[in-house]
Protein chains: 2
Amino acid sequence: MGQGQLTAVPEPKYWHLRTVLVRTIDSEFSTGQVLPNERELAARFGVARATLRQALDQLELEGRLVRRRGIGTLIAAPRVGVPVNGREASWPGSARSQAWRIVDCVTSPASAQLARALGVAEGAPVHTLRRLRLVQGVTMATESLHVPAAALPHLAEFAAESDRARAMLRQLERLGIDGESRSVELGVAEADSAALLERPPGTPVLVVTTQYAASGRLAALAVSTYRADTCKLTFGETGLVEVTPVQSDVPVRSAS
Amino acid sequence: MGQGQLTAVPEPKYWHLRTVLVRTIDSEFSTGQVLPNERELAARFGVARATLRQALDQLELEGRLVRRRGIGTLIAAPRVGVPVNGREASWPGSARSQAWRIVDCVTSPASAQLARALGVAEGAPVHTLRRLRLVQGVTMATESLHVPAAALPHLAEFAAESDRARAMLRQLERLGIDGESRSVELGVAEADSAALLERPPGTPVLVVTTQYAASGRLAALAVSTYRADTCKLTFGETGLVEVTPVQSDVPVRSAS
DNA sequence: CAGTGGTCTAGACCACCGG
DNA sequence: CGGTGGTCTAGACCACTGT
């Protein structure tokens, strides 16, 4: 791993440092390897530790690095493609996909915000199912699935939470979902989703909001929080080929 | 705007600070207003400026704040929903959507990376059309649209770049697109996309990679880079209702 | 010009992990 | 225990904005 020396340029040190590190990582390191520790890297490049950390922050945001307290900074594995499709893999009601683990299932009056989004009166009872999405055993996302209680009349009979959760999914499936409408935006994990995702609060996440329609009306609302560091959300009909990451810029990065 | 005082807690100061600021912003400020400057805020909360900035960084990542050098820190407008659909609004070939501005259009040999993604030989000529996506006059995204030259045989005749660009889109449309397959992931803007987006390098972006298929084969590849601060990507058939942001966590934020 | 956010420093202490 | 990343400080200077 070269020395560095950072020739004086009009761009910020941390950004130049990032560029140098990207090249180094791509050419001299592979997934799972640990980088030298921050104090040593900072010394090696002749910058303060805070400046080095600013560069590492960028690389972590890009999903190239993972930092673990007490362990070190490692080269991250490529992001996992997670299908965010309708019927096929991720529709809430389809029981065959094992990739979901139920956390809890409660019924509570809708907040103003939630009521507006669901198109019900504020305070109207809403079932909320919280669950995790697992990919190869790793938690990739948390999801809160909100359904107006009025839409699922026969749910009160189930006392046990896990029974109620399963019944909720089954009844939703039977409702017959006509369509879905989604949005994706950047967010940060709040305390509880952070805990479920096994990440510190403030971790960047991709927030997917899905509206499910049944017979032309909004039947359910799902808010999913995906780990932005490890997930690449995939949409669309039938994935043609594996998508290899491509730099968006025309000048091509030097081959590794 | 209250004093603060930050009761001692086991959570990091900057995170607690973020929470306090969120409440303050939601209740006492509205879009476009400027916050007190960083030095004053830091003093008011009794923390170092760097710590305050760490909290502001979070809020900026969430799209709640915009910081402008020389101006101040302002409350951001809600994110704009940007449709990322096929035929309707964003298909490259549909000329009626005025929301695109062509930047340039070049033909160059495919890099190894690009060749793999397009399924052509390395070094095979590829047309690359770069353009901007505008929403209400503001640049929201840059896009690089890659098409193997072999797929569009009658393009070499057009000398002028703008003619070639338009011809490329027209011919693509005529090709007849069967399907699309997309992925969305978090990234940071490199130097040139950052410049096009009028943001500093390192700005968080949502990278949308779209594979376009024609008669079962991959016909084109688009890499779009959306500003994560101001964009909410929307997918899906027919948006039912306006999606109001909903906190993913069950304990509801205090109403504003 | 004065005021703003952006960068950078040198140091300190803490929380967590492994042996 | 020693080593790692995570947090925090107090200060400095720079780059940009408006008047």
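- Judged by closest nucleotide on DNA chain C, A:Tyr14 is the one of A:Arg49 and A:Tyr14 placed further toward the 5' end.
- Every side-chain contact (heavy atoms from CB on, under 4.5 Å) that A:Ala165 has, sequence neighbours left out, goes to A:Ile102, A:Cys105, A:Leu129.
- Remark: A:Arg68 engages A:Val66, A:Ile71, A:Leu74 in a side-chain contact (heavy atoms from CB on, under 4.5 Å) (not counting sequence neighbours).
- Residue A:Asn37 places at least one side-chain N or O under 4.0 Å from the OP1 or OP2 atom of D:dT4.
- Shown here are the side-chain contact (heavy atoms from CB on, under 4.5 Å) partners of B:Thr51, two or more places apart in sequence or in another chain: B:Lys13, B:Tyr14, B:Val47, B:Ala48.
- Annotation: side-chain contact (heavy atoms from CB on, under 4.5 Å) contacts of B:Arg79 (sequence neighbours excluded): A:Glu185, A:Leu186, B:Lys232.
- For A:Arg166, the side-chain hydrogen bond (donor to acceptor under 3.5 Å, both in side chains) partners are A:Asp163, not counting sequence neighbours.
- Within residues 66-78 of chain A, the residues approached by DNA chain C to less than 4.0 Å at the level of any non-hydrogen atom are A:Arg69, A:Gly70, A:Ile71, in residue-number order.
- Across the protein-nucleic acid pair, A:Leu56 atom CG and D:dT4 atom P stand 14 Å apart, rounded to whole Å.
- Put simply, chain B comes within 4.0 Å of DNA chain C, heavy atom to any atom, from C:dG3 to C:dT7, going 5' to 3'.
- Atom pair A:Lys13:NZ and D:dC14:P shows a separation of 13 Å (rounding to whole Å applied).
- Judged as a side-chain hydrogen bond (donor to acceptor under 3.5 Å, both in side chains), and not counting sequence neighbours, B:Gln33 has no contacts.
- For residues 50-63 of chain B, every residue pair satisfying the salt bridge (Lys or Arg N to Asp or Glu O under 4.0 Å) rule, not counting sequence neighbours, is listed here: B:Arg18-B:Glu62, B:Glu38-B:Arg53, B:Asp57-B:Arg67, B:Glu60-B:Arg67, B:Glu62-B:Arg64.
- No side-chain donor from either of B:Ser144 and B:Arg130 sits under 3.5 Å from a side-chain acceptor of the other.
- Along DNA chain C, the nucleotide nearest B:Arg53 and the nucleotide nearest A:Ala48 are compared for position; the residue whose nucleotide lies closer to the 5' end is B:Arg53.
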